[in-house]
Amino acid sequence: QVQLVESGGGSVQAGGSLRLSCAPSEYTTTFYCMAWFRQAPGLEREGVASIISGITGDGSTYYADSVKGRFTISQDKEKIYLQMTSLKPEDTGIYYCAAASGGSPYGCSKFRDLHYWGQGTRVNVSS
């Protein structure tokens, strides 16, 4: 099965920026919806940003309220990126890439039905 591979995590001071990347291990599946999740220590995993593929859909993007105006999700063919700016300590966590080969705009906006996952990349924001 296709795996997703994240990269770009690291440590940064509050107010700094990081750019995460996600690419499939093989280009045998066309995704409809791709997304970024994060899991902070002691908390449940939450959806951060999602995008409907510009290949199979209209390229719409969706964001959690906590990151609107600071994070930007983008796509280049089957790769997605998460540009994170004005980082805060509460953005610390493990960031996961996820994808679905089908679905709906509503499902993508609610971070639902994503069956392909990466192993995660760690982001640490210090104050």
Side-chain angles (χ1 to χ4, degrees):
Q1 183 171 338
V2 173
Q3 299 288 326
L4 300 175
V5 182
E6 305 96 337
S7 61
S11 295
V12 64
Q13 288 190 326
S17 300
L18 282 173
R19 186 184 191 227
L20 306 183
S21 301
C22 171
S25 58
E26 54 189 67
Y27 295 86
T28 55
T29 301
T30 300
F31 299 119
Y32 172 77
C33 174
M34 299 186 77
W36 289 98
F37 286 72
R38 69 184 179 191
Q39 187 165 19
L43 299 179
E44 293 185 357
R45 189 164 54 189
E46 62 173 348
V48 173
S50 60
I51 184 167
I52 293 178
S53 169
I55 301 173
T56 56
D58 64 3
S60 294
T61 58
Y62 308 94
Y63 297 94
D65 288 343
S66 59
V67 306
K68 281 180 182 176
R70 300 188 299 120
F71 290 12
T72 302
I73 188 170
S74 61
Q75 178 188 17
D76 179 13
K77 298 181 182 178
E78 291 296 345
K79 296 181 180 179
I80 62 168
Y81 305 92
L82 186 68
Q83 180 68 49
M84 305 186 292
T85 63
S86 302
L87 282 162
K88 305 175 182 180
E90 51 264 43
D91 294 318
T92 293
I94 300 175
Y95 283 69
Y96 298 91
C97 177
S101 56
S104 67
Y106 180 79
C108 195
S109 72
K110 299 300 183 183
F111 306 100
R112 293 178 182 174
D113 303 323
L114 297 149
H115 302 298
Y116 299 89
W117 289 86
Q119 294 298 309
T121 185
R122 189 176 297 273
V123 171
N124 183 63
V125 184
S126 59
S127 57

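Because only heavy atoms are used, hydrogens play no part in the values below, and waters and symmetry mates are left out as well, while side chains stay in. Remember, predicted model here, so these are calculated numbers, not experimental data.
Of all heavy-atom pairs spanning Ser127 and Ala14, the tightest one is CA-CB, 4.3 Å. Between Lys68 and Tyr63, the closest heavy-atom pair is CE-O, 3.4 Å. Nearest approach of Gly57 to Ile52, heavy atoms of both residues: CA-CG2, 3.8 Å. Closest approach of Cys108 and Ser50 over heavy atoms only: O-OG, 2.8 Å. For the residue pair His115 and Gln1, the shortest heavy atom distance occurs at O-NE2, 3.9 Å. Between Phe111 and Ala64 the shortest heavy-atom distance is CZ-N, 4.4 Å.
Sorted by first and then second residue, the salt bridge (charged side-chain N to carboxylate O under 4.0 Å, His left out) pairs involving residues 83-98 (not counting sequence neighbours) are Arg38-Asp91, Arg70-Asp91. Judged as a disulfide bond (SG atoms under 2.5 Å apart), not a single pair has a partner in residues 47-82 (not counting sequence neighbours). For residues 10-26, the side chain to side chain donor-acceptor pair (under 3.5 Å) pairs, not counting sequence neighbours, are Glu26-Thr28.
Linking Ile, Leu, Val, Met, Phe, Trp and Tyr residues whenever their side-chain heavy atoms come within less than 4.5 Å places Leu18 and Phe71 in a single cluster. Cluster annotation: Val12 is connected to Leu82 through the hydrophobic network of ILVMFWY side chains, with a link wherever side-chain heavy atoms come within less than 4.5 Å.
You'll find the side chain of Ile73 stays beyond 4.5 Å of the side chain of Met34, heavy atoms only. With a 4.5 Å cut-off on side-chain heavy atoms, Cys97 and Trp36 count as touching. Within the 4.5 Å cutoff, side-chain heavy atoms of Leu20 are placed close to those of Met84. Put simply, the side chain of Tyr62 does not reach to within 4.5 Å of the side chain of Lys110, judged on heavy atoms.
In this view, Tyr116 and Phe31 satisfy the ring-ring contact (aromatic ring centres under 6.0 Å, His included) rule, not counting sequence neighbours. Contacts of Arg45 classified as side-chain contact (heavy atoms from CB on, under 4.5 Å), with partners at least two apart in sequence or in another chain: Phe37, Gln39, Tyr96, Trp117. With sequence neighbours excluded, the residues forming a side-chain contact (heavy atoms from CB on, under 4.5 Å) with Ser74 are Tyr81, listed by chain and number.
Side chain of Thr121 to backbone of Tyr95: no donor-acceptor contact under 3.5 angstrom is found.
Note that CG of Asn124 is 11.0 Å distant from CD1 of Ile94, once rounded to the nearest 0.5 Å. Rounded to the nearest 0.5 Å, atoms CD (Glu78) and CG (Leu4) are 10.0 Å apart.
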